[in-house]
Amino acid sequence: MQYKRILLKLSGEALMGDRQYGIDPKRLKEYAQEIKEVVDRGIEVAIVIGGGNIFRGVAGASQGMDRVQGDHMGMLATCINGLALQSALEDTGVYTRLQTAIEIKEIAEPYIKRRAIRHLEKGRVVIFGAGTGNPYFTTDTAAVLRAIEINADAILKGTRVDGIYDVDPEKNKNAVKFETITFKDVIEKGLKVMDMTAFTLSEENNLPIIVFDMNTKGNLLKLVSGEQIGTIVDNE
């Protein structure tokens, strides 16, 4: 296997499937099966999920809501998604723990680095909910922060696009895909991979980011097996 320990970043919107909002049980089941195949190969998997399918703090703030309140609502949305994915994974027989950055002790463990690493070493999937626990920080930043803390080998960002392009491939059929690209080139070209806080944190800690299409069956397993899937962003 190419990686021993990974952090998988999923957007909340990815869980919607073909719906306009909420969670699509079919898509949830598909993701759980993809993750199970990787866990069965001995890969240690941590996950961070966004909450955009339920609520976005930025969107609330644009409508006049207090940004801090809105971000806290978004954190709770990520916990709902985490619970849903935990249930789907456990239905497939994968032991899972949900840890949250804000304390919700009746439904999840508080985030504790050493405990999270111990769960991973025992073969359990660990889902990190509630972002960093602070407003104004995205789940992208939470994903990079947690990946660094647990010493993950890479961040795998699952999207609906099969990598990074010079322009939006959904709007321009002549878009050119990058197989590999450096952090520096991403910044110079103005490409959107993650928000700048997350991206800079990843660059400074030499943590590679792989952007790939999570909705194509088998892609996750192929990626961790060493196949060239998606686009790799690193310092070299």
Side-chain angles (χ1 to χ4, degrees), residues 7-36 39 45-63 65-112 115-116 119-120 124-147 149-150 155-160 194-195 198 214-215 220:
L7 188 139
L8 177 63
K9 172 61 172 65
L10 299 173
S11 68
E13 288 89 340
L15 300 184
M16 293 191 302
D18 295 326
R19 301 186 176 197
Q20 297 300 310
Y21 62 89
I23 299 170
D24 178 2
K26 181 175 179 290
R27 176 57 55 81
L28 201 62
K29 185 175 181 180
E30 291 170 351
Y31 280 179
Q33 191 58 47
E34 294 286 309
I35 294 166
K36 174 180 168 55
V39 173
V45 181
I47 304 171
V48 170
I49 315 178
N53 57 320
I54 300 172
F55 188 84
R56 279 185 177 277
V58 173
S62 70
Q63 300 298 317
M65 179 180 290
D66 178 76
R67 173 64 188 272
V68 174
Q69 292 288 82
D71 280 354
H72 280 133
M73 292 170 69
M75 291 177 207
L76 294 175
T78 70
C79 295
I80 293 172
N81 286 337
L83 285 167
L85 184 57
Q86 180 182 39
S87 178
L89 283 166
E90 290 182 342
D91 281 346
T92 69
V94 176
Y95 292 106
T96 310
R97 295 292 186 272
L98 174 62
Q99 292 194 345
T100 58
I102 54 177
E103 191 169 331
I104 319 175
K105 61 183 179 181
E106 287 80 9
I107 64 172
E109 298 178 359
Y111 170 67
I112 299 173
R115 183 179 291 177
H119 287 320
L120 292 169
R124 300 165 183 155
V125 170
V126 180
I127 303 170
F128 298 120
T132 66
N134 302 288
Y136 296 99
F137 290 93
T138 67
T139 51
D140 277 347
T141 299
V144 175
L145 178 62
R146 296 291 181 252
E149 289 178 316
I150 66 171
I155 294 177
L156 277 51
K157 183 169 182 177
T159 69
R160 63 185 183 185
M194 287 182 165
D195 71 83
M214 182 68 184
N215 296 334
L220 182 60

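Heavy atoms only: backbone and side chains are in, while hydrogens, waters and symmetry mates are out. Nothing fancy with the numbering, it's 1 onward along the sequence.
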(request) Calculate, to the nearest 0.5 Å, the distance between atoms NZ and OH belonging to Lys26 and Tyr31 respectively. (result) 11.0 Å

(message) Restricting to non-hydrogen atoms, name the atom on Ile150 and the atom on Ala46 that form the minimum distance, rounded to 0.1 Å.
(response) CD1-CB, 3.7 Å

(request) Measure from the side-chain N and O atoms of Arg19 to the backbone N and O of Ile23, and report whether any donor-acceptor pair falls under 3.5 Å. (result) yes

(message) Could you report the tightest heavy-atom contact between Tyr111 and Ala116, atom names first, then the distance?
(response) CE1-CB, 4.3 Å

(message) Determine whether a donor-acceptor pair (N or O, by modelled atom type, separation under 3.5 Å) exists between the side chain of Thr138 and the backbone of Thr141.
(response) yes

(request) Start with the C-alpha distance between Leu7 and Phe128, add both sets of side-chain angles, then the distance that settles side-chain contact (heavy atoms from CB on, under 4.5 Å), and finish with yes or no. (result) CA-CA 10 Å; Leu7 188 139; Phe128 298 120; 4.2 Å; yes

(request) Specify the closest pair of heavy atoms between Ala88 and Leu28, including all atoms of both residues, with the distance to one decimal. (result) CB-CG, 3.8 Å

(message) When you measure from the side chain of Arg27 to the backbone of Ala14, do you find a donor-acceptor pair of N or O atoms at a distance under 3.5 Å?
(response) yes

(message) Could you check whether atom CZ of Arg67 has more than 12 heavy atoms from other residues, nucleotides or ligands sitting under 6.0 Å from it?
(response) yes

(request) Could you pull out the closest heavy-atom pair between Ile155 and Met194, with the gap in Å? (result) CG2-CE, 3.9 Å

(request) Output, in order, the C-alpha distance, side-chain angles, deciding distance and verdict of side-chain contact (heavy atoms from CB on, under 4.5 Å) for Leu76 and Ile104. (result) CA-CA 10 Å; Leu76 294 175; Ile104 319 175; 4.3 Å; yes

(request) Find the distance between CD1 (Ile54) and CD (Glu13) and round it off to the nearest 0.5 Å. (result) 10.5 Å

(message) Is it the case that the side chain of Asp71 and the backbone of Tyr136 share a donor-acceptor pair, with hydrogens and angles ignored and the cut-off at 3.5 Å?
(response) yes

(message) To the closest 0.5 Å, what do you measure between OG1 (Thr96) and CG (Asp91)?
(response) 10.0 Å

(request) Give, for atom NZ of Lys9 and atom CD1 of Ile47, the distance between the pair rounded to the nearest 0.5 Å. (result) 12.0 Å

(message) In the structure I gave you, are the side-chain heavy atoms of Arg115 and Arg97 within less than 4.5 Å of one another anywhere?
(response) no

(request) Using modelled atom types only, decide if a donor and an acceptor are shared between the side chain of Thr78 and the backbone of Gly129 within a distance under 3.5 Å. (result) no

(request) Could you grab the distance from atom NE2 of His119 to atom CD1 of Ile112, nearest 0.5 Å is fine? (result) 8.5 Å

(message) Could you report the tightest heavy-atom contact between Leu8 and Met214, atom names first, then the distance?
(response) CD2-CE, 4.1 Å

(message) Return the CG to CD1 distance between Leu89 and Ile35, rounded to the nearest 0.5 Å.
(response) 5.0 Å

(message) Taking Gly22's backbone N and O only, do any of them form a donor-acceptor pair with Asn53's side chain (distance below 3.5 Å, no angle check)?
(response) yes

(message) Under a 4.0 Å threshold between the charged nitrogen and the carboxylate oxygen, would Lys157 count as salt-bridged to Asp140?
(response) yes

(request) Please report the closest heavy-atom contact between Gly131 and Ala101, naming both atoms and the distance. (result) O-CB, 3.5 Å

(message) Using a 3.5 Å distance criterion without hydrogens, assess whether the side chain of Ser87 forms a donor-acceptor pair with backbone atoms of Ala84.
(response) no

